[in-house]
Structures are given as C-alpha cells and as structure tokens.
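First comes the structure, then the notes that go with it.
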Amino acid sequence: MKTKEVCSHCGHEFPRTELTEFDGEFLCPACLETETSVCEDCGRRIWNDNNEGSGDLILCGSCYERNYVHCSRCGRLLHENNAFYFGDDDEPYCESCHDMLDSRIIHEYSYRPAPNFYGNGPRFFGVELEIDEGGEYESKAKKLLNVANRDTENIYIKHDGSLDEGLELVTHPMSLEYQLTKMPWVEVMAEAVRQGYRSHQANTCGLHVHVSREAFGAFAVEQDSAIARVLFFVERHWNELLKFSRRTQRQLERWAARYGYKDHPTEMMEHVKKGRCNRYTCVNLTNEDTIEFRIFRGTLKYNTLIATLQMVNRICDVAICMSDDELRAMSWSEFVSGVTEPELIQYLKERRLYLNEPVAVSEEV
Ligand SMILES: [Zn+2]
Ligand SMILES: [Zn+2]
Ligand SMILES: [Zn+2]
Ligand SMILES: [Zn+2]
C-alpha cells in the first residue's frame with residue numbers, strides 16, 4: 001500500500017498522514033499554512049485568494065457579505081455595526097470619514113443628511129436654491145450657513161456641477177408657515193447678494209421645490225391620483241407656468257422637460273409612468289419621499305421665492321381638493337382668482353399672470 005502522497009500544491013511527497021485534504025486537494029503543512037487561512041468569523045478554511053476581509057481580519061465571502069462593508073471613502077474594512085451612513089443613503093463610511101464629510105462646509109452633490117422636519121406636516125417643502133458667480137468657497141459658504149442656521153440647522157450647502165462658480169443651498173423639509181416665518185430667507189438672500197452671488201441673473205440657476213408625497217394622502221393610491229392632478233395642472237397651464245417660472249424654453253428643455261399634455265389626469269399619469277423616468281422633468285417623480293417641482297428659475301429676490309412656494313402650495317391644494325373633472329374645467333383666471341397671498345398676487349401681477357392692472361416691478365437678482 002502506498003504510504004506517501006504528493007502535495008497537490010508544491011508537488012513534493014509526504015507521508016499520507018501529514019497531508020490535509022482541503023477543497024478537493026491534498027496539501028502539505030507548509031502549503032496549507034501559506035495558501036489557506038481560517039475565517040475568523042465562522043472558522044471555515046478558505047484559500048487566501050478568497051479572503052474578502054483584510055490582512056488583519058480573514059473573512060470568507062459569506063461572512064463578509066453578512067456582516068461587513070468597506071468604507072466608501074478610505075476603503076477600510078468595517079463591521080456593519082461600526083459603519084456610519086448619511087440619512088437613508090446606503091454608502092457606508094468609517095467613523096472618521098463620516099465625521100470628516102459631515103463637518104465639511106460644502107458637501108458633495110450626493111450628500112443627503114437625515115432630514116430634520118420643521119413645522120407641522122404632512123405638507124413639507126424642501127427648497128434647493130442654486131446661486132452662482134460668487135465662487136465655490138468654503139469661507140463664503142460658512143458665512144451663509146451662519147446666517148441661515150443661527151437658530152437651528154435649517155439648511156446645508158452642496159457642490160453643484162451645473163454651476164460655474166456657485167453653491168446649492170438646500171433646506172431641510174419645512175412647513176410653508178416655517179419657510180415664511182422662521183427660515184431667515186431675507187437675511188440669507190441679502191448675505192448671498194452681498195457676497196457677489198446671483199441666481200436669476202446668473203442664467204445657470206434653478207429653484208427646485210420638493211413636496212412630501214405624504215402631503216397628497218396617507219396611501220400610495222391616493223397620493224398617485226392627487227399627483228396625477230398636479231402633473232395635469234402643470235401641463236394644462238404650461239404657458240402660464242412657463243411665464244411664472246422665468247425660465248427660457250431652452251433651460252426648461254434641458255433641466256425640467258415637459259411630459260406632454262394628455263386630456264385627463266389619469267391618462268396623464270399613465271403617460272408619465274410609461275415614459276422616461278429621469279429627474280430632469282418639470283415635476284420629478286423619481287424620489288421615494290417627495291415630488292420635486294423643477295420648473296422655476298433661481299432667484300435671490302425674497303418676494304419671488306415666497307410667491308413660488310405659495311404657488312406650489314396652491315397647486316397642491318387644487319390637486320388634493322378637486323376632482324379630475326373639476327380641475328379640467330378650471331381656467332387659469334379661475335385659479336388665480338382664488339389666490340389670497342399678497343406675495344403671490346404681487347408676483348402674478350409682475351409676470352402679467354393676474355389681471356391687467358399696471359404694477360411697479362423691482363428688478364430680479
Ligand atoms: Zn506542499
Ligand atoms: Zn466565515
Ligand atoms: Zn473611511
Ligand atoms: Zn433638485
């Protein structure tokens with residue numbers, strides 16, 4: 001009987017008893033030592049090439065999958081319990097990278113912190129205001145944050161690739177009441193202008209308004225039917241809203257394209273759901289928790305910002321309260337005749353979307 005056997009790895013002969021069978025091969029003690037390791041979580045032996053952990057922590061594939069991640073920034077191996085995340089974003093970070101990114105003044109475009117909700121729900125408004133021409137400087141961003149967040153963390157600031165020398169100011173979700181009375185927009189806008197930023201005049205800037213989906217109903221079905229009426233309203237009154245938005249046709253095509261008019265809200269929704277689902281649409285539906293009105297051009301004029309929020313609020317009102325047929329029957333002048341907010345009336349007059357009364361207009365910033 002043969003008492004010696006060949007190590008399948010190095011090819012040397014060894015007494016049979018000294019070889020270890022692993023993964024269908026017979027390995028000598030030296031090869032076993034150099035070519036394989038034991039997973040520190042489950043104790044299973046693996047080839048070194050299959051180590052999904054690090055030099056310090058050997059892990060088999062399934063243990064890695066189950067309990068570990070790598071930091072998205074520095075690549076360090078982390079136990080899931082020690083991983084940090086931003087809001088519901090699924091990129092994991094180690095504690096020090098998370099702290100570093102979190103304390104940054106100008107965040108990356110993908111930055112999404114856990115939302116702070118201000119005021120009474122469920123209709124929350126999140127504003128994204130792009131400002132340009134003042135530079136992408138941390139020192140300037142810091143000054144804006146000091147003004148905006150003097151009482152609490154109202155906003156954060158992000159890099160935006162569509163701007164030349166600018167910043168994107170993003171508010172946490174806020175009730176309309178809070179946006180109007182607690183959020184220090186007057187001071188923030190004045191500070192931005194003082195620092196050399198422009199928004200409307202820069203030509204590159206948008207003003208996006210997110211509204212929580214929950215504002216449209218507790219259940220997805222209700223939400224969908226009200227959101228269908230939002231889309232219908234926007235398409236039905238496209239010419240008026242184009243004027244309201246202060247955008248050029250070109251800007252809208254690029255950043256906030258139309259879906260195309262359909263004669264009934266339900267048809268509208270079917271049409272939209274069948275179509276392309278990118279976010280560069282007039283009302284972006286690709287976010288899980290909000291719908292985003294993207295048609296408006298940026299502004300650093302306080303009355304225009306407030307009027308825009310009031311307009312979005314009004315559109316939500318009619319979409320929620322009216323039936324499909326009532327909404328179809330409503331003309332633009334009937335819609336604006338229901339407006340009572342002074343800022344919105346002023347702005348509608350400025351844009352000649354109200355009544356034909358002459359009105360004194362101050363310049364857009
Ligand atoms: Zn060997
Ligand atoms: Zn394992
Ligand atoms: Zn890290
Ligand atoms: Zn946006």
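Worth knowing before you read on, the calculation uses all heavy atoms, side chains too, and leaves out hydrogens, waters and symmetry mates. All ligand and atom numbering here is 1-based and tracks the order in the structure.
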Item to check | Vertex the Zn ion (ligand 2), arms to Cys60 SG and Cys63 SG, rounded to 10° | outcome: 100°
Next on the checklist: Before moving on, can you tell me the angle at the Zn ion (ligand 2) between the SG atom of Cys39 and the SG atom of Cys42, to the nearest 10 degrees?
Outcome noted: 110°
Item to check | Side chain Glu235, main chain Gly260, donor-acceptor under 3.5 Å | outcome: yes
Next on the checklist: I'd like to verify the contacts: list protein N, O or S atoms under a distance of 2.8 Å from the Zn ion (ligand 4).
Outcome noted: Glu128 OE1, His208 ND1, Glu292 OE2
Next on the checklist: What's the separation between atom CG in Leu207 and atom CZ in Arg246, rounded to the nearest 0.5 Å?
Outcome noted: 7.0 Å
Checklist entry - Do Ser175 and Asn120 get their side chains close enough for a donor-acceptor pair, meaning under 3.5 Å? => result no
Checklist entry - What's within reach of the Zn ion (ligand 3), meaning protein N/O/S atoms under 2.8 Å? => result Cys71 SG, Cys74 SG, Cys94 SG, Cys97 SG
Checklist entry - Strictly by modelled atom types, are Arg45 and Thr36 linked by a side-chain donor-acceptor pair under 3.5 Å? => result yes
Next on the checklist: With a 4.5 Å cut-off on side-chain heavy atoms, are Phe244 and Met311 touching?
Outcome noted: yes
Next on the checklist: Atom CD of residue position Glu214 - does it have more than 12 heavy atoms of other residues, nucleotides or ligands inside 6.0 Å?
Outcome noted: no
Next on the checklist: Is a donor from one side chain sitting under 3.5 angstrom from an acceptor on the other, for Thr171 and Tyr118?
Outcome noted: no
Next on the checklist: Any donor-acceptor pair under 3.5 Å linking the side-chain atoms of Arg198 with those of Thr204?
Outcome noted: no
Checklist entry - After noting the C-alpha distance and the side-chain angles of Asn284 and Thr286, does the key distance pass the side-chain hydrogen bond (donor to acceptor under 3.5 Å, both in side chains) rule? => result CA-CA 6 Å; Asn284 165 23; Thr286 64; 2.7 Å; yes
Checklist entry - Should the pair Lys262-Glu270 be classified as a salt bridge under the 4.0 Å nitrogen-to-oxygen rule? => result no
